[in-house]
Amino acid sequence: MKVNIVVYYMLMPLSWAVMIDYIARLPFFSLMLILAWVLFLWKDTMPFRARCDILLLFNEK
């Protein structure tokens, strides 16, 4: 389950950001996305397992 969350919420948006950067010829969008994820993971107080459980319950409804 953890791999799915990483792929869905981190790698897929990053791939879209890289494609937008390639089309626009500006590397700012993917850098901003990476910076946002780094800041979120750094400042996040909830353990990864608890966050996965919350996302799993949210998707089951």
Side-chain angles (χ1 to χ4, degrees):
M1 184 62 186
K2 291 179 186 178
V3 173
N4 289 341
I5 290 173
V6 170
V7 170
Y8 291 144
Y9 295 105
M10 292 179 153
L11 295 181
M12 287 176 64
L14 184 61
S15 69
W16 281 92
V18 169
M19 285 190 281
I20 291 170
D21 287 344
Y22 181 75
I23 292 170
R25 306 242 193 271
L26 297 170
F28 299 118
F29 194 68
S30 57
L31 290 175
M32 288 189 308
L33 182 65
I34 292 170
L35 180 65
W37 271 111
V38 167
L39 287 173
F40 174 75
L41 293 174
W42 178 44
K43 293 292 187 177
D44 189 26
T45 58
M46 189 178 296
F48 187 71
R49 178 174 292 242
R51 186 157 308 279
C52 291
D53 292 340
I54 289 173
L55 289 173
L56 179 64
L57 291 174
F58 180 71
N59 287 333
E60 287 180 351
K61 290 183 181 181

Transitive ILVMFWY cluster of Trp16, excluding itself - 4.5 Å side-chain cut-off: Met19
Return a table of donor-acceptor pairs under 3.5 angstrom between the side chains of residues 24-39 and protein atoms on other chains or two or more places apart.
| from | atom 1 | to | atom 2 | distance (Å) |
| --- | --- | --- | --- | --- |
| Arg25 | NH1 | Tyr22 | O | 3.4 |
| Ser30 | OG | Asp21 | OD2 | 2.5 |
| Trp37 | NE1 | Tyr9 | O | 3.4 |

Cluster overlap Leu14 with Ile23, hydrophobic side-chain contacts below 4.5 Å: no
